[in-house]
J.: 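Pasting a structure below so you can have a look.
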Amino acid sequence: MYADDHRPLDRTERGMTYGVLVPHFGEHCTADRIIAGSALAEEVGFDAVWVRDHLLWSPHGMEGNDRTFVEAVDCLSAIAARTSRVQLGTAVLIPIRWPLKLAQDLASLSYLAGGRVIAGLGLGSGQNELGAAGFLRKNRKPIFVETTEILPQIWQQDEVSYQGRMFQFEDVTIRPKPVEPIPLWYGGTTPISVENAVRYCQGWMPGRIPIDTLKARLAQLDGLAEDAGRRVTKAAVPLVRVDKNRDRARADIDVAALAGSSEASASWITPPGGFNTVDDLRGIVAVGEPREIVEQIAELAETGLDHVTFDLRLQFDRYEETLELLGSDVLPELRRNRI
């Protein structure tokens with residue numbers, strides 16, 4: 001299995017590793033915030049920066065109405081030029097790309113960045129985006145599967161030939177090769193997403209997911225990985241809203257909207273009585289003063305996660321200020337306690 005021995009974001013003796021979502025979409029997106037903000041994230045101690053992926057983006061209500069969305073690999077290429085240490089990750093690329101082009105794009109990013117690339121992949125959702133790229137939604141699973149087969153071959157070999165249901169080519173060589181192996185991660189919160197992660201990838205990175213659902217999925221993943229004799233990196237991406245003023249941090253959190261903010265929310269394990277308060281959203285969102293964020297991230301760590309990415313979209317308008325606060329009051333405490 002490709003890249004199984006290259007796990008740059010696995011938990012270490014220092015505890016979990018930490019990433020942050022780049023503000024490359026919505027009304028608060030700017031080139032400076034993407035590039036200089038990522039350099040600041042590296043400076044304050046984050047281990048990775050992550051981007052999302054859309055071709056035709058329709059914002060959720062919590063993201064406003066601005067349809068600005070800067071392309072994922074382009075973002076990471078610009079960030080690579082201003083950073084030297086952080087991993088550059090996609091969370092996650094949807095199946096709208098010819099795999100040979102994706103192989104070239106990610107290998108080129110690795111070449112420019114000196115490695116540091118993690119390729120999160122997913123199935124996407126609506127027909128509008130897949131259709132705009134020339135694909136059918138019903139084919140998204142075979143597109144994904146064949147992509148996971150094609151990428152490592154192209155990255156490791158020359159004169160590659162492939163005959164699949166969706167893609168075929170003969171005697172293809174693409175250079176440069178990645179500087180180091182590019183791990184493939186899978187995104188999704190359903191039981192099937194766990195199966196896909198174990199079968200096809202080296203990591204699993206669900207989006208927003210309640211804590212009890214996360215525990216159930218991780219138990220499933222651990223069982224499947226053990227049966228397959230494999231190790232799968234485990235990650236999560238909670239929304240994070242942090243402020244030195246607790247009331248300000250918790251203000252305007254739309255519990256009902258967040259409880260149904262994922263296409264997979266129907267498969268979630270809900271708290272007794274349902275999602276009624278901010279505290280019922282544990283796992284979906286970490287909110288409060290810095291000490292509370294540390295406590296809530298510690299609860300995630302207890303599930304056995306390797307990596308947590310802070311999704312700061314609820315305060316992208318204060319992105320740099322928030323990074324500074326996390327770097328001064330949250331990350332050091334997490335490190336000190338080996339969380």
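Computed from a predicted structure; not experimentally measured. Computed from heavy atoms alone, side chains included, the values below leave out hydrogens, waters and symmetry copies. Residue numbers run from 1 in the order of the sequence given.
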J.: Are Asp306 and Lys234 within salt-bridge range, i.e. N to O under 4.0 Å?
T.: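 Result for this pair is no, no salt bridge flagged.
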J.: Grab the two heavy atoms, one from Leu130 and one from Leu136, that are nearest each other, plus how far apart they are.
T.: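 Heavy atoms of Leu130 and Leu136 come nearest at CD2-O, 3.9 Å.
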J.: Any chance the side chains of His307 and Trp185 put a donor and an acceptor closer than 3.5 Å?
T.: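 Judged by distance alone, the side chains do not pair up.
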J.: Can you give me the closest heavy-atom contact between Pro191 and Gln220, atom names plus distance?
T.: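 Closest pair (atom of Pro191, atom of Gln220, distance): O-NE2, 3.1 Å.
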J.: Go through the side-chain N and O atoms of Gln168 and Tyr162 and say whether any donor and acceptor fall under 3.5 Å apart.
T.: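 On atom types as modelled, these side chains do not qualify, holding no pair under 3.5 Å.
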J.: Would you call Glu71 and Arg97 a salt bridge, using N to O less than 4.0 angstrom?
T.: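 Result for this pair is yes, salt bridge flagged.
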J.: Can you establish whether the number of heavy atoms outside Asn65 located under 6.0 Å from its atom CG is more than 12?
T.: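 No - once you tally the heavy atoms of other residues, nucleotides and ligands closer than 6.0 Å, there are 12 at most.
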J.: Answer yes if Ile182 and Val51 sit in the same cluster of Ile, Leu, Val, Met, Phe, Trp and Tyr residues linked by side chain heavy atoms under 4.5 Å apart, and no otherwise.
T.: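 In one cluster: yes.
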J.: Would you mind checking if Glu63 and Arg52 are paired as a salt bridge, meaning a charged N to carboxylate O distance below 4.0 Å?
T.: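 Yes, this pair counts.
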J.: In terms of heavy-atom contacts, does CD of Gln127 have more than 12 from other residues, nucleotides or ligands at under 6.0 Å?
T.: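 Above 12, so yes.
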J.: Transitively linked via ILVMFWY side-chain contacts under 4.5 Å: Val172 with Tyr111?
T.: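 They do not share one cluster, since no chain of ILVMFWY contacts under 4.5 Å joins Val172 to Tyr111.
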J.: So, are Asp212 and Arg282 salt-bridged, with charged N and O less than 4.0 Å apart?
T.: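 No.
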J.: Which pair of non-hydrogen atoms, one from Arg338 and one from Glu13, has the smallest distance, and what is that distance?
T.: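 It is NH1-O, 2.8 Å.
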J.: May I ask you to decide whether Asp47 forms a salt bridge with Arg335, counting only side-chain N to carboxylate O separations under 4.0 Å?
T.: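 Counted as a salt bridge, because a side-chain N and a carboxylate O are separated by less than 4.0 Å.
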J.: Are the charged groups of Glu146 and Arg165 less than 4.0 angstrom apart, N to O?
T.: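 Between Arg165 and Glu146 there is no salt bridge, as every charged N stays at least 4.0 Å from the carboxylate O atoms.
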